[in-house]
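Convention: sequence-line order gives letters A, B, ...; per-chain numbering from 1.
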Amino acid sequence: MKKIDPHLITAAILFALCWPLAYFLSDWKVYWGLWLLSVLFALEMTYLRLKYWEGL
Amino acid sequence: MDLPIPSTTPEVTAATYISIFAFLLISMGISVYMMRKARSFEEWLVGHRDIGPAVTGFALVATWLSGWAIFGNAGLTYTYGWSGAWLVGMTNIMGISLAAVLGYRIRRYASLGARTVPEVLRLRFNSRAIQSLAAVAMTILLIVYSVGQYKAMATVWTATTGSSWMGSLIAVAVLIFIYIAVGGYAGTQYALFLQGIILTIVGWGIGIASLMLADPQRIVEAMSSEPFVAPGGEITPLSLGNYILPISPVYPAYDWIGVSAVLFMFLFMATGFPHNIARFLGIREIGKKEFVILMLCILIGSTTSLWVGVQGLAARTLWGSALMNSEYAPMFGDLASIKLAMAMGAPVAGALAAGVFAAAVSTISGMTMIMASSITRDLIHIYKPEIPQKTMLWLTRILLIPFIFIPLYWNLTGAPPVLSEFMAGAAVGQAGIFFFTVAVSMYWRRATKWGAISAILYGLVLTLLHPKALGKLVGLTHWGVWALLLIFGCAAVYFAVSLMTKPEEVKDLFS
């Protein structure tokens with residue numbers, strides 16, 4: 001069985017963290033906290049694309 | 001109330017005209033230049049497939065950040081407070097980064113001759129039926145999505161020039177028609193780049209200025225005491241201070257089911273938007289460093305929607321619920337952004353007008369192009385390939401007219417009161433259907449055309465069952481339940497039917 005890349009798991013965890021962050025925090029902490037999680041998610045995605053780079 | 005709500009002044013009107021016409025002049029210049037270079041129907045659709053990462057990145061930002069993001073988001077937070085922020089897309093960067101990462105593979109299909117997203121499906125599944133079905137589904141969903149773009153721009157036009165609602169809508173429609181008919185894809189791709197930069201600067205600039213004007217702490221205090229007021233002025237005792245606002249089940253942030261649906265919608269919808277993923281049809285082959293540049297453009301640009309959300313919170317802090325009164329119908333809270341810009345001065349209002357126009361025009365042009373070319377390329381050309389390219393090009397241009405007229409008529413007869421909330425309906429449909437049938441199919445070899453066709457049909461039926469459409473007939477009254485049923489239902493149907501049907505021989509497009 002193929003091993004799942006840990007960075008993909010990290011990206012999934014970052015997405016899953018949206019719920020507790022919004023549930024336990026309030027106002028600006030949620031607003032910009034979710035943005036921060038999104039940026040970290042985007043960095044993971046970029047890393048994965050570069051790691052498994054494909055041309056044409 | 002610190003600042004009076006500004007009214008239209010000759011200075012604001014002049015600033016709007018100057019900024020929009022300057023923007024149009026530059027965009028049209030690009031389009032005319034590209035039109036002279038586009039000698040065939042194919043070139044008109046995708047250019048010369050030589051577009052670089054920064055242009056593609058900001059063009060993607062421009063099609064992604066529509067009137068919803070650059071304008072409607074202020075209306076959302078103004079109307080619903082913190083709970084409106086879910087539809088602002090606090091997590092929208094997750095979705096757009098996923099789209100950029102998955103969408104890059106579409107270039108392989110472009111090299112095999114795909115010029116539209118349904119054509120990608122034909123090549124993937126070797127089926128003309130799925131190409132046509134996808135074209136029909138895209139067209140239906142994009143028409144609904146276009147309605148919100150018109151409202152965004154017509155609201156700005158009305159607020160800054162004092163024109164009638166109908167006059168503003170017609171002005172917007174005429175400008176869009178000329179703009180797309182002249183330039184085609186390459187024209188829009190380069191003009192989209194310019195538009196992406198403009199709306200990023202305007203959104204960030206006015207957002208940061210609004211935060212300073214209203215003060216972050218005062219916003220928190222105001223949201224905890226401001227009540228929800230329905231469009232038209234009906235005041236409720238519900239506070240805007242929470243991320244859940246119990247208004248009714250048809251509102252996405254009614255409860256955690258709705259919130260979950262919004263999070264999944266934003267994760268999938270950027271990839272599911274055909275006008276987004278089509279940006280990669282014209283990109284040249286790029287290196288790793290260039291891909292990082294592309295992602296950086298996307299990160300900076302996509303944060304803009306949050307700065308626009310800040311504007312709505314600031315406007316609510318400064319003016320209370322005044323914009324929800326019926327004297328501001330049918331624009332209501334969607335006026336928050338432009339009124340705030342007008343309060344900052346005529347040049348700022350002019351800049352916002354150009355920014356909103358850039359966002360609305362870019363998304364509408366991308367979508368209208370997709371709709372018109374879907375009919376000609378995906379419904380006519382595949383069955384009648386002998387029709388000359390020149391005829392196809394002209395036919396596509398003529399088809400722009402109905403696709404511009406339908407959303408125009410919709411806004412004239414029944415403009416949605418909160419545009420972003422309205423657009424979220426079509427967004428869920430696109431997220432559910434096209435994330436799986438297009439993006440996943442590019443990576444999952446075992447997908448079959450029957451799986452994809454079933455998912456498209458299921459998604460279309462569920463779209464019709466939206467709680468504010470036919471959903472009530474079958475007891476589907478909760479937005480979150482509906483959205484989750486649509487998105488994950490599409491996924492379940494797509495995977496289950498694919499696995500149950502015979503594997504197909506596919507070209508080597510997966511390694």
Side-chain angles (χ1 to χ4, degrees), chain A, chain B residues 77 81-82 85-86 88-102 104-105 107-108 110-112 211 216-217 219-221 223-224 241-244 253 256 259-260 262-264 266-267 285-289 291-292 294-296 298-299 302-303 305-306 309-310 313 509-511:
Chain A
M1 197 173 164
K2 263 188 181 176
K3 200 182 153 199
I4 299 172
D5 193 298
H7 287 273
L8 193 59
I9 296 169
T10 310
I13 291 170
L14 288 168
F15 180 63
L17 280 174
C18 290
W19 280 267
L21 185 136
Y23 188 82
F24 291 109
L25 300 180
S26 59
D27 47 71
W28 294 115
K29 290 184 274 298
V30 177
Y31 200 85
W32 293 111
L34 290 174
W35 171 83
L36 185 63
L37 284 180
S38 303
V39 171
L40 295 173
F41 179 94
L43 292 176
E44 289 294 349
M45 284 292 120
T46 309
Y47 175 84
L48 283 166
R49 168 47 85 207
L50 298 179
K51 185 175 175 184
Y52 301 101
W53 186 249
E54 56 185 43
L56 256 180
Chain B
T77 48
W82 293 119
W86 288 110
V88 160
M90 293 175 287
T91 59
N92 87 85
I93 288 173
M94 290 193 185
I96 192 68
S97 62
L98 194 59
V101 165
L102 296 178
Y104 185 66
R105 185 169 278 193
R107 212 186 114 73
R108 294 183 183 187
S111 72
L112 291 174
L211 196 60
Q217 189 51 41
I219 289 175
V220 173
E221 288 160 13
M223 287 304 121
S224 62
N242 295 316
Y243 274 94
I244 297 292
W256 288 96
V259 165
S260 303
V262 173
L263 286 168
F264 282 108
F266 273 107
L267 187 66
E285 189 168 15
I286 59 174
K288 288 185 179 182
K289 278 184 186 167
F291 188 80
V292 172
L294 188 150
M295 292 301 284
L296 200 61
I298 288 172
L299 278 184
S302 299
T303 301
S305 58
L306 272 83
V310 168
L313 296 167
L509 289 157
F510 294 90
S511 55

Report the option among B:Ser302, B:Ala100, B:Gly287 that has the most heavy-atom pairs separated by less than 4.5 Å from atoms of chain A.
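Top option by heavy-atom pairs under 4.5 Å: B:Gly287.
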Tell me, out of B:Val220, B:Leu263, B:Leu294, who's got the most heavy-atom pairs with chain A below 4.5 Å.
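When all of B:Val220, B:Leu263, B:Leu294 are compared, B:Leu263 has the most.
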Part of [X] within contact of chain A (heavy atom distance under 4.5 Å):
X: B:Leu211; result: side chain
X: B:Val310; result: both
X: B:Ile298; result: neither
X: B:Ile219; result: side chain
X: B:Ser260; result: both

Begin from the C-alpha positions of A:Tyr31 and B:Tyr243 and carry the test ring pair (Phe, Tyr, Trp, His ring centres under 6.0 Å) through to its verdict.
CA-CA 10 Å; A:Tyr31 200 85; B:Tyr243 274 94; 7.6 Å; no
Check B:Met94 against A:Cys18 and note the closest heavy-atom contact, atom names and distance.
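That closest heavy-atom pairing would be CE-SG, 3.7 Å.
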So which of A:Tyr52, A:Tyr23, A:Trp28 has the biggest tally of heavy-atom pairs under 4.5 Å with chain B?
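Top option by heavy-atom pairs under 4.5 Å: A:Trp28.
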If you count heavy-atom pairs within less than 4.5 Å of chain B, which of A:Leu36, A:Asp27, A:Leu37 leads?
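The answer is A:Asp27.
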Quick check: do [X] and [Y] have side-chain heavy atoms less than 4.5 Å from each other?
X: A:Thr46; Y: B:Ser97; value: no
X: B:Thr303; Y: B:Leu299; value: no
X: B:Val101; Y: A:Tyr47; value: no
X: A:Phe15; Y: B:Leu267; value: yes

Could you check whether the rings of B:Phe264 and A:Trp19 sit parallel, tilted or perpendicular, using 30° and 60° as the cut-offs?
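Tilted.
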